[in-house]
> 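Dropping a structure here in structure tokens format, bear with me for questions.
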Amino acid sequence: MTMSGIAFPSPRRRKRKQSGWRGLLYIAPAMALVTMFFVLPVLFTVWMSLHKWPLLGTPAWIGLGNYVRMVSDARFMTALGFTAHYTIIVTIAIFAVAFPLAIFVEKQRPLISVYRTIIFLPVVVGLASASLLWVWLANVDSGLFTPLMQRLGLTNGRINLLATFDAAFLTIIAMVVWKIAGFTMIILVTGLQAIPTELTEAARIDGAGRWQRFRYLTLPLMRRTMALALILSVTGSILAFDQFYIMTSGGPQNRMISVVYYIFNQSFVSFNLGYGAALSIALLAILVAISVVQLWLLKVGEDRP
Amino acid sequence: MLKRLLAATTLAYGLGLSVASAETISMWVRTGIGDSFKEVVKAYNAKGEDKVELTEVPFSELVQKYATAIAGGQAPDALSLDLIYTPAFAAAGQLENLTDWAKSLPYFNSLSPSHVKLGTYEDKVYGLPLSVETSIFAWNKELYRKAGLDPEKAPKTWEEITANAEKIRALGDDTYGFYFSGGGCGGCMIFTFTPLVWGAGADILSADSKKATLDTPEMRKAVDIYRNLVAKDTVPAGSASDNGVNFLTFTNGRIGQQSIGAFAIGTLVTQHPEIDFGVTLIPGVDGKPSSFAGGDNFVVTKGTPKLETVKKFLEYIYSMDGQKMMAKYGSLPTRGDIAGEVLAGLDPRLKVGIEAIAVAKTPYTLQFNDLINSSNGPWATFINAAIFGDDVDGAFSNAQSEMQSIIDAGQ
């Protein structure tokens with residue numbers, strides 16, 4: 001760099017510097033909010049995680065003790081395993097339902113807004129309310145499913161859907177798909193609608209079949225939308241809590257304890273707030289890692305149009 | 001002149017009194033302990049002096065809600081606390097020391113001893129008995145009659161109960177012989193199921209609460225009895241996932257027999273007069289009866305500015321009126337000196353609840369929530385796995401080792 005460059009900055013450069021400050025000013029409110037409601041709480045959680053922090057009484061510094069304990073905590077590992085199992089199954093189920101629905105409601109056809117509304121309606125119900133509704137639906141005596149199946153002769157006698165792991169798990173998956181698929185569908189529809197019709201037409205003229213058009217045109221152009229839907233779905237599933245807490249209180253014989261449920265139990269049932277904080281930090285790290293891997297796998301952000 | 005002065009004094013006194021007595025204290029009570037406390041509060045508020053504002057908190061969440069409220073400075077003035085938790089909260093320094101006042105009460109020595117014992121920590125009194133309840137066995141006389149059984153004959157053994165359950169189940173689709181909340185309700189099951197092993201002399205914890213002693217021949221026998229009841233289809237399918245919400249299923253009139261609490265006698269008598277039922281002690285696995293002595297302690301949050309008002313309310317509860325009102329709705333008298341008078345003219349079935357006190361036990365451990373009451377704790381899990389699962393041995397060994405590890409971690 002020349003002397004003149006330092007001593008006499010060019011007017012253009014000064015301008016850029018100025019606009020940098022202005023940009024910072026514009027994002028300052030957002031930064032303040034993020035700092036106050038995300039960064040500070042996370043830092044405080046990190047601070048707590050380094051203590052033995054009972055709900056009542058005084059905290060004591062134990063350094064990395066909580067993290068060491070976590071590695072050999074069998075129940076935490078079980079919770080991680082169950083959450084992974086749940087996330088994989090529920091994400092596949094949501095996409096398997098949402099993608100066909102998106103393709104169905106994307107095209108203009110009679111009564112399409114009615115269909116869209118009906119499919120989207122469960123999304124606006126809170127997850128806790130939806131869980132309570134399904135607890136009733138799945139109730140063995142006064143619910144809907146069990147007596148209905150019995151009447152139709154599908155089952156011999158009354159089956160308690162929430163009493164065995166497989167049936168309860170299936171019920172919860174069905175509930176979550178019913179509740180979430182509409183939301184994923186809306187995201188996918190926006191992606192589908194962003195594909196220019198000229199491209200599809202050109203492909204059709206070139207003689208591409210329906211499957212080929214889907215595989216080589218629609219899917220690649222939907223990549224970014226898919227990434228968004230996938231990340232939202234995976235993150236949401238990893239953070240699942242309400243449905244297990246409300247519908248099965250942790251499931252038959254504790255087999256449905258998700259990671260967040262375990263953190264809740266540690267913090268507010270056993271009152272180990274410090275250990276709960278350490279588990280939360282671990283979960284945050286896992287979520288960030290998974291999201292980064294997903295973005296990388298789907299190559300989002302590499303190619304700009 | 002004198003008259004005027006007197007009038008003025010009276011007026012001033014009246015004003016002063018109304019200012020002082022316009023206080024409202026906030027109190028929490030857990031759900032599922034019947035209506036006795038609610039009714040006492042109603043009667044107290046109707047007197048038009050101080051007011052008690054009652055908040056009902058789900059029984060399974062009371063401890064964490066109260067602990068969180070203390071940490072957040074939002075705790076109620078006083079609380080109806082499951083007596084089992086009094087030592088833990090007193091040890092944490094969150095309760096008001098009531099020793100001097102309590103010992104000045106003329107009837108202090110006749111208050112329910114197990115409650116006072118659990119309410120005392122390091123020789124200071126932090127909790128006083130509010131409600132006393134024992135677990136008992138109830139049967140529906142109407143269904144006994146229909147099934148051709150003698151409605152006045154109380155079953156004495158589990159063989160008898162099982163045989164009766166089968167006969168009642170034979171009555172039809174929606175009529176069942178037995179019920180229990182087996183879906184992760186640790187509190188319900190320690191209350192109704194452990195008397196089976198206690199009666200036979202076994203226990204799930206060692207006397208000093210340092211060892212888990214779950215796997216005993218007595219417990220195996222008790223589990224077998226319940227498994228058999230389930231296998232013979234005498235228990236509704238909903239039992240396997242009932243986390244305590246439907247604990248009082250007996251009140252629907254289609255359950256032949258169930259172990260319930262003495263509080264439920266009050267609920268049944270006052271709210272379900274149509275149900276004709278009898279009560280007896282819960283037989284142990286070898287026929288010797290036992291019971292769980294539970295109930296609530298009255299505790300005061302440390303530093304409440306309304307201590308005097310709270311004391312006045314508690315004195316009302318201990319008065320003859322208060323005790324009678326509590327007993328009418330199923331809480332057994334907490335004052336031994338007037339128990340006979342309080343129960344006079346009330347439902348004779350409450351006497352069974354009193355008899356149960358003599359054979360009853362109360363577990364003492366600071367880790368009650370982690371071990372027993374938590375719906376994801378080892379005891380709740382064990383109940384569901386051992387009674388409804390396929391692997392009884394696995395259920396025993398898992399629960400035994402998990403209980404021990406929780407006890408060890410807490411030392």
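Numbers restart at 1 for each chain; the letters A, B, ... are given by sequence-line order, proteins then strands.
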> Near A:Met31 CE, under 6.0 Å, is it more than 12 heavy atoms from other residues, nucleotides or ligands?
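Atom CE in A:Met31 is not crowded, with 12 or fewer foreign heavy atoms closer than 6.0 Å.
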> Below 4.5 Å from any heavy atom of chain A, which atoms of B:Asn243 appear? Answer side chain, backbone, both or neither.
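Contact with chain A involves the side chain of B:Asn243 alone.
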> What distance separates B:Asn246 CG from A:Asn139 CG, expressed to the nearest 0.5 Å?
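One finds 7.5 Å between CG of B:Asn246 and CG of A:Asn139.
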> Side chain, backbone, both or neither: which part of B:Phe89 has a heavy atom under 4.5 Å from chain A?
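Side chain only.
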> Any idea which heavy atoms bring A:Asn254 and B:Ser375 closest together, and the distance?
OD1-O, 3.9 Å
> By a 4.5 Å heavy-atom criterion (distance strictly below it), what part of B:Asn369 contacts chain A: side chain, backbone, both, or neither?
side chain
> Say you draw a straight line from CG of B:Asn376 to CZ of A:Phe264; how long is it, rounded to the nearest 0.5 Å?
9.0 Å
> Report, as yes or no, whether the 6.0 Å neighbourhood of atom CZ on A:Phe183 holds more than 12 heavy atoms from other residues, nucleotides or ligands.
no
> Please name the pair of heavy atoms, one in A:Gln253 and one in B:Asn384, separated by the smallest distance, quoted to 0.1 Å.
NE2-OD1, 2.8 Å
> Taking side chain as everything from C-beta outward and backbone as N, CA, C, O, which of these in A:Ile257 sits under 4.5 Å from a heavy atom of chain B? Side chain, backbone, both or neither.
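Answer is side chain: those atoms of A:Ile257 sit under 4.5 Å from chain B.
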> Please classify the contact of B:Asp233 with chain A as side chain, backbone, both or neither, using a heavy-atom distance under 4.5 Å.
neither
> Which bit of A:Phe165 comes within less than 4.5 Å of chain B, counting heavy atoms only: side chain, backbone, both or neither?
neither
> State, to 0.1 Å, how close A:Asn160 and B:Ser241 come at their nearest heavy-atom pair, and which atoms those are.
ND2-OG, 3.0 Å
